[in-house]
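Single-structure report; data block below.
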Amino acid sequence: MMKKQPAQWLLSAASVGIAGIILTQSYGTAVADTNTESFVQTPEQKVTTRQVAALLDRSHYLNQPLDSKTGSEILSMYIDSLDPNHTLFLQSDVDEFKKKYADDFGARLKRGDLSAGVDVFERYRKRSNEYFAMASKMLKTKIDLTGKDTIVLDREKLNHFKTKKEQRDYWTRQLRFQLMSITLGQEDEKAKEEVFLSNPDITRGQDLVRNDQRTPSEILQNRLSRQQEQFKRLTDDEIMETVLNTAMLTYDPHSNYYAPIQATELQIQSSLQLEGIGVSIRPDRKNPDYTRIVTLVDGGPAAKSGQIKPNDLIVGIAKDGETMTDVVGWSTREIVSLIRGKRGTSVTIKVRQPNTPDASARNVTVVRDIIQQEESGVTHRVVEVQRPNVDKTPKRIGVLEIPSFYLNYQARRNGEDYRSVSIDTEKALKALNKENIDGLVVDLRNNPGGSLDEVARMLGFFIKSGPMVQIRDNRGNIQVYRDDDGGEQLYSGNMTVITNLASASASEIFAAAIQDYGRGLVVGSTTTGKGSAQIQLDSLALGSATLTQRKFYRITGGSTQNKGVVPDVELVNIYDDATFGERAQKKALPWDTIKTAPYKPEGKFTNDTLATLNQQSKIRQEQNPQFVYLSALNDIRDMEDEKKPIQLDINSRRAKMQLIEKRSLEAENKRLIATGERPYANWNTYQAAMDAKFEERSRMKASERPELPEDEAFINEAAYVMLSAEPKALLSPQEKL
């Protein structure tokens, strides 16, 4: 099998960092009046800053020194990360910061000095305070939601405002837009609640009536106040994270710095293991200030306590014997950070049932333990498909769903029992082989990637032997991952791989190798295009980092970076290429090529065969109600363009929303009629039914949720394509592709 590698390499699109909890839309941020001199850099923060700067200066794939030019780029990126919509900083602010810090921003980071970044952050805090003060004052007045003026919501490519008058004018218009949106949302919500009340059966026994009596101004004020309180709780480490993560993102989109809280999330993501109490949470439907427990993990500490129930509202948390903290109004991320902790330590949670007084709240102390996220791993099943006028009997198709290429690296390193995607896939393939399947569909949709070791082991299950992926480091050295097991294959039958724009990194390595060897067809849409590998660094003074040090290439020599893997047969793309994927990222590494690694393909699908398969599939998609529905949703999505001016008139906006609703309902009803189901009478009934179904699904375990018909359409079409493909013509060793 594959030779073992010395390091843990992460090939995950999900390793893209988050700049603290700074909101991505600056006009939605409101900040409290806090002490602007509160940030005092600690020795650990200085060391961490120097460590991150040294990594960028000496160890990144680009070999780009952290000099004055790069430092100036980092400063510009940092300003944009805080104010992506260019509505908070004035142009004079930007000019001032560039004059003061552009030349030595990089040098400061190398010295461990965060003062320039903190100075910029404090101006951001000041401007945000000004916005909040103006918004609070304006929301106390009567606001006219009619008129002929307009607003452009997406200002990323536009200049910062030159004067406060221009800025205040925009703030006024964006507050009007938000009030307009809330007003229209309330109208829809009340219409849905009337459906719930007049037709209780549609609720499926759930309490879905919010009966929110607040005015739009009160809702917006509460929303801003909640954001204000979250901003108050920002730690100095999270402000540091904003600066350092931006520095790393200036080199490429997948080099990231994580403050301690975020570092924990990264470890969970890659290992499917966490230390907590075993609950899933989300904001309460009726009042987002409260966090509701949705489900309990079987056998987890919360379930074992017998005192914590689904639907409980979390009102307080006492961490590790500390005093109880009121967490009403806290974000789910903040609550998660309090609940999680080391195995064997205790946490006390104050909970109460909805619609009960605070006096009924109860304190429950539970001991944290390791929670294995069993439902997050590989799943397999068998479906029966039958092509009309072709198959006399249904074909049995195995479906292998791989959510990520996960690996509990720490447990493996310590010699402990561990879980990984290759271990789970091996078990699944052995089970499917016993089912005598006629073909296999490997579903990599929305798979963000993961461990390079794991994807290489996975490929060994499907190909006979040979190179699987090539890796080039920042010195130009090329390493080839090979499958050298003498031709052993765990599965050698027909197969297809489904990809979409959210299939990234390790997923792309897998799909590319299957395609290059002619082992199977790739169907779906072009992948993310993340063709770089990151080393995970856990030895920083504070937090952790991922650093891009290598780039990977197909065995044919072409990189998957930027361009991604183009499918053999295209299916409906549900994502927006302009805003999603590597090609939409700032500072994305370019596409390039290296030499082909000598390999022996197992077969080949000719161009004529692929053209025929695409033509046949296109006809089926045009006749399939699910694909027709998804295509219609794509067209409806394109009706909203935030780069274009939107009229600030509630009547005009209501008409636009009603047109979108009308077309959405028509698309849904067309799908229902085509599948023999009853259409919805109107938009409100449709939305009420969708709310009820969503709430019901959220209470189910992942393994219990029925497959969505629009998702299952991709599985069936992948099977049809595979069954329709002509047998592959095996190539002689001398013949080249």
Side-chain angles (χ1 to χ4, degrees), residues 11 13 402 441-449 455 459 462-463 467-470 495-532 551-585 588-594 596-597 599 601-618 620-621 627 630-631 634 714-715 717-718 720-722 724-726 728 736-737:
L11 305 179
I402 304 174
V441 173
V442 179
D443 190 355
L444 297 182
R445 288 176 294 170
N446 306 319
N447 183 318
V455 70
L459 283 168
F462 298 96
I463 67 172
M468 295 175 289
V469 63
Q470 303 185 83
M495 63 186 292
T496 53
V497 177
I498 312 179
T499 62
N500 63 12
L501 189 55
S503 304
S505 205
S507 299
E508 297 173 281
I509 291 177
F510 185 93
I514 296 298
Q515 192 177 58
D516 291 340
Y517 272 99
R519 262 301 280 122
L521 290 161
V522 176
V523 304
S525 45
T526 302
T527 59
T528 293
K530 193 239 174 201
S532 58
K551 199 172 177 182
F552 57 83
Y553 297 80
R554 303 172 73 134
I555 55 177
T556 57
S559 175
T560 57
Q561 172 61 26
N562 222 303
K563 287 189 176 182
V565 177
V566 179
D568 299 303
V569 177
E570 292 190 3
L571 306 182
V572 172
N573 176 22
I574 63 172
Y575 291 105
D576 182 3
D577 293 274
T579 59
F580 195 81
E582 192 79 2
R583 295 170 290 284
Q585 296 283 339
L589 299 178
W591 178 86
D592 61 349
T593 62
I594 59 175
T596 299
Y599 72 103
E602 298 183 33
K604 178 182 179 182
F605 295 94
T606 67
N607 291 337
D608 288 343
T609 296
L610 294 179
T612 300
L613 292 174
N614 272 282
Q615 183 181 30
Q616 293 172 344
S617 179
K618 184 177 180 181
R620 284 193 298 268
Q621 290 179 65
F627 286 120
L630 293 173
S631 295
N634 283 342
F714 287 87
I715 301 292
E717 182 57 28
Y720 288 154
V721 170
M722 175 177 57
S724 301
E726 295 178 5
K728 300 185 291 291
K736 295 182 179 180
L737 288 176

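Since this is a predicted model, take the numbers as computed values, not measurements.
- Of the possible donor and acceptor atoms, none in the side chain of Thr528 sits under 3.5 Å from a partner among the backbone N and O of Lys530.
- In terms of heavy atoms, Phe462 sits closest to Glu602 at O-OE2, 4.3 Å.
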Under the side chain to side chain contact (heavy atoms under 4.5 Å, CB included) criterion, do Asn562 and Arg583 qualify, and how do the steps go? CA-CA 5 Å; Asn562 222 303; Arg583 295 170 290 284; 3.3 Å; yes

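- Across all non-hydrogen atoms, the minimal contact from Val565 to Ala512 is CG2-CB, 4.0 Å.
- For Ser503 (side chain) and Leu444 (main-chain N/O), a donor-acceptor pair under 3.5 Å exists by modelled atom type.
- To the nearest 0.5 Å, the span separating CG on Leu459 from CD1 on Ile514 amounts to 5.5 Å.
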For Leu630 and Phe714: C-alpha separation, side-chain torsions, deciding distance, then whether side chain to side chain contact (heavy atoms under 4.5 Å, CB included) applies. CA-CA 11 Å; Leu630 293 173; Phe714 287 87; 3.5 Å; yes

Side chain to side chain contact (heavy atoms under 4.5 Å, CB included) for Leu521 and Leu613? Distances and angles first, verdict last. CA-CA 10 Å; Leu521 290 161; Leu613 292 174; 3.8 Å; yes

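- Taking the side chain as every heavy atom from C-beta outward, Leu571 and Gln621 approach each other to under 4.5 Å.
- Remark: Thr556 OG1 to Tyr517 OH distance equals 11.0 Å, nearest 0.5 Å.
- Taking every heavy atom of both residues into account, Ser507 and Gly449 meet most closely at OG-N, 4.1 Å.
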What's the verdict on side chain to side chain contact (heavy atoms under 4.5 Å, CB included) for Ile498 and Ile715, showing C-alpha distance, side-chain angles and the deciding distance? CA-CA 8 Å; Ile498 312 179; Ile715 301 292; 3.8 Å; yes

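- The nearest pair of heavy atoms linking Ala511 to Thr499 is CB-CG2, 4.0 Å.
- Going from atom CZ of Arg445 over to atom OH of Tyr575 covers 9.0 Å, rounded to the nearest 0.5 Å.
- Between the OG1 atom of Thr526 and the CD atom of Glu508 there is a distance of 10.0 Å, given to the nearest 0.5 Å.
- A donor-acceptor pair is defined here as one N or O able to donate and one able to accept, closer than 3.5 Å; such a pair exists between the side chain of Gln515 and the backbone of Val566.
- Rounding to the nearest 0.5 Å gives a distance of 5.5 Å between CZ of Arg519 and CE of Met495.
- No side-chain heavy atom of Tyr553 sits less than 4.5 Å from a side-chain heavy atom of Thr593.
- Atom CZ of Phe580 and atom CG of Asn500 lie 7.5 Å apart (nearest 0.5 Å).
- The nearest pair of heavy atoms linking Ser525 to Asn573 is OG-OD1, 3.7 Å.
- For the residue pair Asn614/Ser617, the side-chain donor-acceptor check at 3.5 Å is not satisfied.
- Ser631 meets the side-chain contact (heavy atoms from CB on, under 4.5 Å) test with Val572; sequence neighbours excluded.
- Contact between Asp577 and Ala584 at its shortest, heavy atoms only, is O-CB, 4.1 Å.
- Residues passing the salt bridge (Lys or Arg N to Asp or Glu O under 4.0 Å) test with Lys563, sequence neighbours excluded: none.
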